[in-house]
Amino acid sequence: MQPTTPPPPPDAYHSEVTLRVNGTPRALTVDHRTTLLDALREGLGLTGAKKGCDHGQCGACTVLVDGRRANACLLLAVALDGCDITTVEGVAKDGGDRLHPLQQAFLDRDAFQCGYCTPGQLCSALGMLAEAAAGHPSLATDPDAPPAQGAVPLTPDEIRERMSGNLCRCGAYPHIVQAVEDVIR
Amino acid sequence: MAATPHTLGTPAERIEGRDKVTGAARYAAEHTPPGCAHAWPVPAGVTCGRITGVDTSAALAQPGALAVLTPFDAPRFAAPPDDPELDVLQYDSVPHRGWYVALAVADTLENARAAAAAVRVTCADHADEPEPHDVVLDEDHPEAYTPEKANGGYPAHRERGDAAAAFAAAPVRVDVSYRVPPLHNHPMEPHSATAHFAGGRLTVYDSCQGGNAVRTVLASLFDLPEDRVTVVAEHVGGGFGSKGTPRPHVVLAAMAAIHTGRPVKLALPRRHLPSVTGHRAPTLHRLRLGAEPDGTLVSVSHEVTTHTSRITEFVEQAAVPARVMYGSPHSLTTHRVVPLDVPSPSWMRAPGETPGMYALESAVDELADALGMDPVDLRVLNDPATEPDSGRPFSSRHLVECLREGARRFGWHDRDPRPAARREGPLLIGSGVAAATYPAYASPCAADATAHPDGTYTVRVNATDIGTGARTVLAQIAAAALTAPLEAVRIRIGSTRLPRAPLAGGSSGTASWGWAVHRACTALAAAVAGHDGPLPGGGLTVTADTTDEVRRTPPYARHAFGAQFAEVQVDTVTGEVRVRRMLGVFAAGRILNPRTARSQLIGGMIMGLGMALTEHSTMDAAHGDFTESDLASYHVPAHADVRAVEAHWVEEDDGLLNPMGSKGIGEIGTVGAAAAVGNAVHHATGVRFRELPLTPDRVLPALRPEEEPAL
Ligand code: FES
Ligand code: FES
């Protein structure tokens, strides 16, 4: 991790919070205006989550908050005391030595070019897989099909619909969908 | 050592791939030197005018504020920049909306943003009317003129024979106008820089397509010798042309670092990008194609009108591809440009070819219609033996092969050629084809290569990987020249401490850098072979510079070509157009890495899909600004927009390019893609749309002309 500026002491505009980031509790003094994204990137030096727009429009900052995917640029860190945060840095197993199968699938399928959207795509896909497994429908889910019994099967159309919050200007979409299909097979 | 499977032409995995999927790869704003401050720029809130004052007191009273730089007190540049867009905070007038009029620097990002918001700028005309401004492009604009040159150094105006007379006499004629709106590059990583000035040395991490140009500009503006400026661009989150030249963010970051004595990080807010990082200028096209009844072209005219800013002349060379594509004894290709109070346009993926080929290839489709001819056959018939405008021989041209191979793979000949003939419930289905072309450039470059005593090699060149896979393909080129395994080659790119290299642009990066790497490695292999005994501890290093060789290349017409096919469905209830599948076949010399090449070509096609269906910006006449300036309003394609997209290529052996025999592939995927989609929409609906993008508000009324639009 790179050296970061020491956090200012708490005052009327700052609070102490503890985030469990990738399994490790991290105590931070955060400016009340600080987003989760900036707390990760600037406060903790975890720059895996990317800032593409800072306005919830691109998905580059997607992380998992208590297991659910969220745009880190739209959450204030001060409101997340005690939350579990998973960033791309926490996706690989064994302290980063063993890639998650989805990361491996991204490599195998060349599912990125510049890589700037990639951490968001990975975290979003992980959250999406859990949502489908829990039976959450999407716009692509047939509304006339019998009520979801457990998991929604992830067709390519389902994957595309559910991943549409994650923009990729390099246009890696076809390969990203293939990579996600690789891990659900 | 024997040649290994991982050399040229094999699908080697991206060297930095693991870093990118684990979040370890660091981009320009992800370096935080100790004591790093943050800067936030303040854009002008008027379109043109004069700043009479900047009140910084409230901003400086913000917690953590370190400085606010304004046009009245910012450090002066040692020399004016060549690019007027970089002349920031040097004078008090505003040439266009979004122009930076102040820069706030504070200890944290939040404080910098708050300080910027507290800056109060007053303008000469602030109290009453803004100064009258003019941002509206039209063909009859009184200030339109024909420039001497268009972007790329091409003559703006060319005429062969008598295009007008030949057109008038032609038995079959198409005379049509097309319009392409302004478009924004919007790489996913906003333009960012982290600058550090210490001990008389300036170090900058910059999100750019080439560090050498950035270094030259910073050295000149801040009066530093070039060897005291280092520009690092290790990972870059896309550029698509918008990072091809130094941009104001890096100048401001360096200025703030020098002024405050602290490292400074500056990442542009997304909404600033359209105003200060270039855009694709809108283009208005008039095409006149005249043909014999058998389809032979006798006259080709492509006339383009576009805009530029008041401070720089950038002319999108959209009529230039018509000089390359089809044979015709008579031809007129010309550009007119109107200087307006708009941000300066610049490069966006295949400038010239992308809008130009959209218009030309749409018009060719209209001609095929008028002739009752298959559009593939029409293109094949008019394939020229030499470059039409210059008369030069092609180093290689396999457009016909691309068209035929594409038609076969796509199932083109199975279709019913009649428009509006295929219906599935409320959907109309159609298919279209268009050709693609892009020049194969190369620029001078230096590289060095070292053989180490342990049998490994280090290759150094200041290439930039903006997502192309440059590292990987350069390592492959090196390994092939050294007949070494890929694993034995360490490749160093992305820093001006390395041998000087041109930018990642014009689809010429791999050709330029690879040429120098190939020369260095070939010479190194010979040096090692001629070396007696063990290598010295520091290894053996060979340097190459391709300047003379590149300048001496014989005058052939060098271009990549391609054929794009698309199948669309048009919803007659909603007017929504969706692309069901796209297929491209390209002839781009030797494909050096099929894995990364396929990704680039597909990515280019998807950008073309966006141009066809979703991407659109508007210069608002009253406000003088782009209305679609963020990613919520400017719609780049999303996952759901992109179904089956395939890229293929034909084998092309061209010995007249560079030692690898490669042509660039970064841009040609975008060229022609929008025309293929547009032609497919015509085939689906029978309606010809001549303005992009093909959004429901345009499509639906045309499908239901009997219904009056509700007001
Ligand atoms: S940075 Fe959060 S959605 Fe774009
Ligand atoms: S890989 Fe570049 S934006 Fe997705």
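Side chains included, hydrogens not; waters and symmetry mates left out as well; all remaining heavy atoms used. Because the structure is predicted, anything quoted here is derived from the model rather than measured. Letters go in sequence order (proteins before strands), and every chain restarts at 1.
Residues H639(B) and Q121(A) have side chains in contact (heavy-atom distance under 4.5 Å, counting atoms from C-beta outward). Between K51(A) and L109(B) there is a side-chain heavy-atom pair separated by less than 4.5 Å. Side-chain contact check for R169(A) versus P637(B): some heavy-atom pair is nearer than 4.5 Å. Using a 4.5 Å heavy-atom threshold, the side chains of L107(A) and E13(B) count as touching. In this structure, M188(B) and C58(A) have side chains that are in contact, with non-hydrogen atoms separated by less than 4.5 Å. Side-chain atoms of R643(B) and R160(A), non-hydrogen and from C-beta on, do get closer than 4.5 Å to each other. Put simply, the side chain of I606(B) reaches to within 4.5 Å of the side chain of P174(A), judged on heavy atoms.
With a 4.5 angstrom heavy-atom cutoff, A25(B) touches chain A only via backbone atoms. Using a 4.5 Å cut-off between heavy atoms, V636(B) touches chain A through backbone and side chain atoms alike. Proximity to chain B is limited to the side chain of T118(A), based on heavy atoms less than 4.5 angstrom apart. Looking at T596(B), the atoms closer than 4.5 Å to chain A (heavy atoms on both sides) sit in the backbone and in the side chain alike.
Once rounded to the nearest 0.5 Å, the distance linking CZ of R113(B) with CG of D38(A) reads 7.0 Å. Annotation: the span from Q113(A) atom CD to K20(B) atom NZ amounts to 8.5 Å, rounded to 0.5 Å. Of the inter-residue distances, the one linking H186(B) atom NE2 with Q57(A) atom CD reads 9.0 Å to the nearest 0.5 angstrom. F106(A) contributes atom CZ, which lies 12.5 Å from atom CZ of R14(B) (distance to the nearest 0.5 angstrom). Of the inter-residue distances, the one linking R271(B) atom CZ with H55(A) atom NE2 reads 7.0 Å to the nearest 0.5 angstrom.
When only modelled atom types and interatomic distance are considered, R33(A) and N111(B) share a side-chain donor-acceptor pair under 3.5 Å.
The choice from V91(A), D54(A), T34(A) that makes the most heavy-atom pairs within less than 4.5 Å of chain B is T34(A). Per-residue heavy-atom pair counts under 4.5 Å with chain B were compared for L139(A), D157(A), D108(A), I159(A), and the maximum is reached by D108(A). Counting heavy-atom pairs closer than 4.5 Å to chain A, the top-ranked of the candidates H235(B), R18(B), E16(B), Q600(B) is R18(B). Per-residue heavy-atom pair counts under 4.5 Å with chain A were compared for G603(B), G17(B), S599(B), G237(B), and the maximum is reached by S599(B). With chain A as partner, the option from I466(B), D630(B), D641(B), I602(B) having the largest number of non-hydrogen pairs under 4.5 angstrom is D630(B). Heavy-atom pairs under 4.5 Å with chain B were tallied for T35(A), L99(A), L122(A); the largest tally goes to L99(A). Per-residue heavy-atom pair counts under 4.5 Å with chain B were compared for V177(A), L102(A), I176(A), T87(A), and the maximum is reached by I176(A). For the set Q103(A), H100(A), E89(A), the count of heavy-atom pairs under 4.5 angstrom toward chain B peaks at Q103(A).
Shown here for S164(A) and A638(B), the closest heavy-atom pair between the two residues is O-CB, 3.8 Å. Across all their heavy atoms, C114(A) and G238(B) have their closest contact at CB-N, 3.4 Å. The shortest non-hydrogen separation linking Y27(B) to G115(A) is OH-C, 3.3 Å.
No donor-acceptor distance shorter than 3.5 angstrom exists from the side chain of R41(A) to the backbone of E30(B), with no hydrogens or angles considered.
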